[in-house]
Amino acid sequence: MGTAESTRKQKSSKPGSAQRESTSMAEHKDNMNDFKVQTAKHPNMSSAPLRPHSEHSKDRASKRLSTESNGTSEGGQGSSTPVEVTALEESFKRFAIHGDTRATGKEMHGKNWSKLCKDCGVIDGKSITLTDVDIVFSKVKKKSSRTITFDEFKCALGELARKKYKDKTGEDAEAEVVKLIEGKAPVIAGVTRAVASPTVSRLTDTTKFTGSHKERFDPSGRGRGKAGRVDIVDTSGYVSGYKHQGSYEKKVTKPTAGKPM
């Protein structure tokens, strides 16, 4: 009985094992087909050694840094060549980051826009004024934004060019305005110097002071300190105006040698 039961168990277990073997063979066959397809797409894949995931991530990071330093985007058309920055765009970035350490140079505030037009000579006070510059800025920017992009910046220059150079065509006028801006940088004002003014000189002349203000300075114009601000009581025992103060001690201590007795 024991032998018959074991024989039946072996017979019942054979179909399950055969099914598992057929499933594993099918999966292996599918994997081989996928490998062949990948090999056909990438002929050199079989010869290249497999690398761990950490090395792949390092390669991707280094590639991203190299593309960012060259000014290119990964996967974009012509990513092997860096993007050329024009002189106009370079000037735009210089004025965009002026006075703001957190600025990225991609957008420009109205204050820096006005400074650009002033420093580069776009504003002449006749055909182009500061009011015209502010109006054009409000016209080209988005309603919900307080800055303008480089494309909006070029549109604003076109608006000012047609107004500044009325005797020229649109392209020639824009070219003239671009020449005024290319290669320029913000003008940094120097240290403010004090300018001599007759009014200030008259008010600081101590010889013309009267009343209590006159008592605070000596004849040379130097301040007397506390003596010029507070009435100090004289406790020397002499009356005010006495000119021979301290002369008595000199007379008393005068030597008597040589006098006859």
Side-chain angles (χ1 to χ4, degrees), residues 90-105 107-138 141 146-148 153 156-157 160 163-164 177 179-259:
E90 186 66 25
S91 298
F92 173 82
K93 291 182 178 181
R94 291 174 182 174
F95 280 92
I97 64 176
H98 177 69
D100 188 359
T101 56
R102 296 176 297 178
T104 59
E107 296 179 346
M108 181 182 293
H109 290 276
K111 182 179 179 181
N112 291 350
W113 158 253
S114 300
K115 181 173 179 59
L116 181 145
C117 295
K118 182 179 179 181
D119 293 350
C120 297
V122 179
I123 298 176
D124 53 11
K126 297 179 181 179
S127 57
I128 301 295
T129 62
L130 183 60
T131 304
D132 297 328
V133 169
D134 294 338
I135 292 174
V136 171
F137 180 84
S138 301
K141 76 177 185 65
R146 300 175 61 184
T147 58
I148 58 174
F153 169 74
L157 291 182
L160 295 178
K163 189 173 183 180
K164 186 177 180 66
V177 173
K179 289 180 182 179
L180 296 175
I181 301 174
E182 284 181 339
K184 298 294 182 63
V187 177
I188 301 175
V191 180
T192 304
R193 297 180 180 179
V195 180
S197 173
T199 304
V200 176
S201 301
R202 178 176 58 84
L203 295 176
T204 56
D205 188 2
T206 58
T207 60
K208 297 181 180 180
F209 288 179
T210 59
S212 60
H213 300 288
K214 183 178 180 179
E215 300 296 332
R216 300 185 61 176
F217 300 92
D218 59 10
S220 63
R222 185 176 181 180
R224 297 174 57 190
K226 186 177 180 180
R229 301 191 306 270
V230 181
D231 292 333
I232 301 176
V233 180
D234 187 7
T235 58
S236 62
Y238 291 92
V239 296
S240 60
Y242 183 70
K243 298 181 180 180
H244 303 287
Q245 181 178 355
S247 60
Y248 178 75
E249 286 78 4
K250 294 180 180 179
K251 293 180 180 180
V252 172
T253 57
K254 187 176 180 180
T256 57
K259 289 185 179 183

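- Side-chain contact between Met108 and Thr147 is absent, with no heavy-atom pair separated by less than 4.5 Å.
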Show your reasoning for whether side chain to side chain contact (heavy atoms under 4.5 Å, CB included) applies to Val133 and Val122.
-> CA-CA 9 Å; Val133 169; Val122 179; 5.5 Å; no
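- For the pair Asp119 and Lys115, the salt-bridge criterion is met [side-chain N within less than 4.0 Å of a carboxylate O].
- When all heavy atoms of Ala96 and Ala103 are compared, the closest pair comes out as O-CB, 3.7 Å.
- Two residues are said to be in side-chain contact when any heavy atoms from C-beta on lie closer than 4.5 Å; Ser114 and Asp134 meet this criterion.
- Applying the salt bridge (Lys or Arg N to Asp or Glu O under 4.0 Å) test to pairs two or more places apart or on separate chains, those with a residue in residues 199-216 are Glu215-Arg224.
- In this structure, the side chain of Thr129 does not engage the main chain of Gly125 through any donor-acceptor pair within 3.5 Å.
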Under the side chain to side chain contact (heavy atoms under 4.5 Å, CB included) rule, what do Leu160 and Cys117 come out as? Steps first, then yes or no, please.
-> CA-CA 10 Å; Leu160 295 178; Cys117 295; 4.0 Å; yes
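- Here the closest non-hydrogen pair linking His244 and Ser247 is O-OG, 2.7 Å.
- The heavy-atom pair separating Gly221 from Thr206 by the smallest distance is CA-OG1, 3.4 Å.
- Atoms NZ and CG, from Lys118 and Leu130 in turn, are 8.0 Å apart once rounded to the nearest 0.5 Å.
- Rounded to the nearest 0.5 angstrom, Glu182 CD and Cys120 SG are separated by 10.5 Å.
- Asn112 CG to Asp100 CG: the interatomic distance, rounded to the nearest 0.5 Å, is 8.0 Å.
- With rounding to the nearest 0.5 Å, the separation of CZ in Phe137 from NE2 in His109 is 8.5 Å.
- Counting heavy atoms from C-beta on, the side chains of Arg102 and Ile97 never come closer than 4.5 Å.
- Phe95 pairs by the ring-ring contact (aromatic ring centres under 6.0 Å, His included) definition with nothing, not counting sequence neighbours.
- Between Phe209 and His213, the angle of the ring planes goes over 60°, which puts this pair in the perpendicular group of the 30/60° scheme.
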Show the numbers, then the answer: is there a side chain to side chain contact (heavy atoms under 4.5 Å, CB included) between Leu180 and Lys164?
-> CA-CA 12 Å; Leu180 296 175; Lys164 186 177 180 66; 4.1 Å; yes
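- The aromatic rings of Phe153 and Phe92 are tilted relative to each other, their planes meeting at an angle between 30° and 60°.
- Contact of the Glu90 side chain with the Arg94 side chain is registered, since non-hydrogen atoms from C-beta on lie closer than 4.5 Å.
- Enclosure of atom CG in Asp124 by more than 12 non-hydrogen atoms of other residues, nucleotides or ligands within 6.0 angstrom is indicated.
- Rounding to the nearest 0.5 Å places CD1 of Ile232 at 9.5 Å from CZ of Arg229.
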